[in-house]
Amino acid sequence: MDFDRRIDYNGRTETRKGEAMEQGTWKVKVGLAEMLKGGVIMDVTTPDQARIAEEAGAVAVMALERVPADIRAQGGVARMADPKIIKAIMEAVTIPVMAKCRIGHLAEAQILQHLGVDFIDESEVLTPADEHHHVDKHRFEAPFVCGARDLGEALRRIGEGAAMIRTKGEAGSGNVVEAVRHLRQIVEQMRRLSVAPSETLMAEAKTLGAPYHLVVEVAKTGKLPVPNFAAGGIATPADAALLRLLGAEALFVGSGIFKSRDPKARARAIVEATTYYDQPEVVARVSEDLPGAMEGLDVRKLDEKELLQHRGW
Amino acid sequence: MVTPSELRIGVLAVQGDVGPHCEVLARLGAIPLPVKSPADLDRIDGLILPGGESTTIGLLLKKSGLDAAIQDHHRRRGLPLFGTCAGLILLAKRIEETPDQPRLGLLDVTVRRNAFGRQIESCETVIDAPLFGASPLRALFIRAPFVAEAGPLVEILARWRDRAVLVREGAILASAFHPELTDDDRVHRYFLRRLVAARPAA
């Protein structure tokens with residue numbers, strides 16, 4: 001590049017012709033999460049699927065090698081997708097592209113940042129690489145999203161630098177019950193903190209296993225310091241509306257779209273239901289005559305070991 | 001002329017960062033109202049098109065009939081409009097790489113989407129804009145567009161890296177960056193005072 005450019009990797013401050021600018025800051029990371037609010041992020045495995053998702057109104061796509069339902073069915077170690085697939089999907093669409101790395105897999109996270117993906121999902125859907133530690137997300141310039149089942153887990157991830165939280169739900173199950181459980185749990189715990197006397201907050205932080213300063217912040221504002229999205233088992237427009245009614249600010253739909261019989265129609269319907277979740281007449285209209293939702297699993301009949309949501313610490 | 005405290009400002013709420021705009025408006029004493037359906041436009045004095053994904057918002061505008069309704073309110077009663085980032089793209093008459101993308105097409109500019117690069121290039125910075133006083137505007141660029149070409153009636157209010165990033169054409173204001181994500185509310189104040197409150201009574 002032909003202009004005066006200095007990069008200080010410590011603070012990531014660049015100077016161009018005397019102009020100060022900072023990349024990869026907390027505001028810049030959370031800023032992109034803010035832009036995705038009210039939208040649907042869809043799992044895709046090919047450039048064609050990515051284009052279908054974009055045309056249907058997805059705010060972003062998640063580039064994967066296998067959707068969670070297939071990971072569940074096929075078993076084996078689930079890893080970061082082939083960079084070639086991710087790059088092909090980035091080429092295919094103009095909307096943001098996310099990709100998943102394994103929990104604690106620093107090297108996969110670095111590869112994804114190098115590829116230029118817009119958001120990295122450190123995800124329990126893949127087989128964890130580290131059974132004690134997550135990635136130190138503050139050290140990255142790319143923003144991260146992480147799953148959570150309760151407020152303590154959400155605040156631990158934010159403490160590590162996650163710029164967006166999503167419920168874990170039970171990915172690839174086509175059953176929304178776990179996402180509802182996790183969202184209700186987080187919302188209820190935040191409500192409790194918002195009325196808790198200040199002298200109880202250290203004990204709350206200890207019980208939650210969460211950083212004290214973030215507990216204090218939630219107590220003050222009544223909400224997470226980053227956008228709070230829902231994921232895991234969303235299969236119908238009504239599922240999307242339900243999670244929005246319960247307080248999710250946006251949604252991830254994994255297997256629910258491309259494991260259904262008419263992905264294009266279902267994707268469009270879920271996008272509309274996500275925006276007009278509070279207008280049952282719209283959700284009813286888009287739900288009409290929608291062919292074959294993905295087959296769901298009864299989560300209670302799954303073996304404890306088969307549950308993806310227990311991954312993450 | 002009315003004071004900003006009496007103004008009812010709609011924020012298009014089909015997708016995007018609606019909340020931060022509402023917070024700035026409330027802080028400035030205006031009344032923010034979410035707009036999701038054509039009927040919501042009847043009770044507002046101005047409309048903000050927030051950041052978000054322009055492809056998603058454009059599609060939902062079309063499906064809900066909000067696109068024609070906003071165009072109609074703007075042409076018929078001069079409804080002032082302010083778009084940030086995706087809002088700028090939706091207001092533009094021409095979009096470089098996705099010319100068929102659904103949009104409002106009211107502002108005589110050509111925009112280039114994701115013009116500064118992907119998220120990794122997104123940044124916090126300051127922009128010189130003498131119109132807003134001596135201290136530069138604080139700005140957040142998130143996968144931002146810029147104005148590649150502007151028609152003769154379009155005023156360029158601020159440039160960044162030699163690109164037009166804040167423009168005005170009559171009752172339309174548009175920025176490539178996100179003033180709503182900083183604590184610098186001068187662009188919102190400008191919209192309220194100069195585009196909305198200064199407007200002759202309908």
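A, B, ... follow the sequence lines: proteins, then strands. Residue 1 opens every chain.
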- Measuring heavy-atom distances to chain A, does B/Thr98 have an atom under 4.5 Å in its side chain, in its backbone, in both, or in neither? side chain
- Query: Checking A/Glu108 side chain against A/Met80 main chain: does a donor-acceptor pair fall under 3.5 Å?
  - Reply: yes
- Can you find a heavy atom in the side chain of B/His188 that is under 4.5 Å from one in the side chain of B/Pro179? yes
- Can we say B/Arg138 and B/Asp183 salt-bridge, meaning some charged N sits less than 4.0 Å from an Asp/Glu carboxylate O? yes
- For chain A, find which of B/Glu53, B/Arg143, B/His178 contributes the most heavy-atom pairs closer than 4.5 angstrom. B/Arg143
- Query: Any Lys/Arg nitrogen of A/Arg51 or A/Glu54 sitting under 4.0 Å from an Asp/Glu carboxylate oxygen of the other?
  - Reply: no
- Does any heavy atom of chain A fall under 4.5 Å from the side chain of B/Pro20, the backbone, both, or neither of them? side chain
- Query: Considering only heavy atoms, which portion of B/Arg113 lies under 4.5 Å from any heavy atom of chain A: side chain, backbone, both, or neither?
  - Reply: side chain
- chain A shares the most heavy-atom pairs under 4.5 Å, among B/Ser122, B/Gly51, B/Gly58, with B/Ser122
- With only heavy atoms counted, which part of B/Leu181 is less than 4.5 Å from chain A, the side chain, the backbone, both or neither? both
- Between B/Phe177 and B/Trp160, is the gap from one ring center to the other below 6.0 Å? no
- Message: Looking only at heavy atoms and a cut-off of under 4.5 Å, which of A/Thr275, A/Thr274, A/Val28, A/Asp118 has the most pairs with chain B?
- Response: A/Asp118
- Cationic N near anionic O, under 4.0 Å, A/Lys84 to A/Asp82: no
- Task: Look at the aromatic rings of B/Phe116 and B/Phe141 and report parallel, tilted or perpendicular, splitting at 30° and 60°.
- Result: perpendicular
- Task: Could you go through the salt bridge (Lys or Arg N to Asp or Glu O under 4.0 Å) check for A/Arg285 and A/Glu272 one step at a time?
- Result: CA-CA 10 Å; A/Arg285 175 170 54 75; A/Glu272 252 188 287; 3.2 Å; yes
- Task: Can you tell which part of A/Glu55 gets under 4.5 Å to a heavy atom of chain B, answering side chain, backbone, both or neither?
- Result: backbone
- Salt-bridge contact A/Glu217-A/Lys220 (side-chain N to carboxylate O under 4.0 Å): no
- Note on the structure: chain B shares the most heavy-atom pairs under 4.5 Å, among A/Ala250, A/Gly57, A/Pro96, with A/Pro96
- Task: Name the region of A/Ala33, side chain, backbone, both or neither, that has any atom closer than 4.5 Å to a heavy atom of chain B.
- Result: neither
- Item | Portion of A/Val40 that has a non-hydrogen atom of chain B nearer than 4.5 angstrom | neither
- The interface call for A/Ala58 against chain B, heavy-atom contacts under 4.5 Å, is backbone
- Can you say whether A/Pro227 sits under 4.5 Å from chain B via the side chain, the backbone, both, or neither, judging by heavy atoms? neither
- Query: chain A heavy atoms under 4.5 Å from B/Thr55: which part of the residue, side chain, backbone, both or neither?
  - Reply: side chain
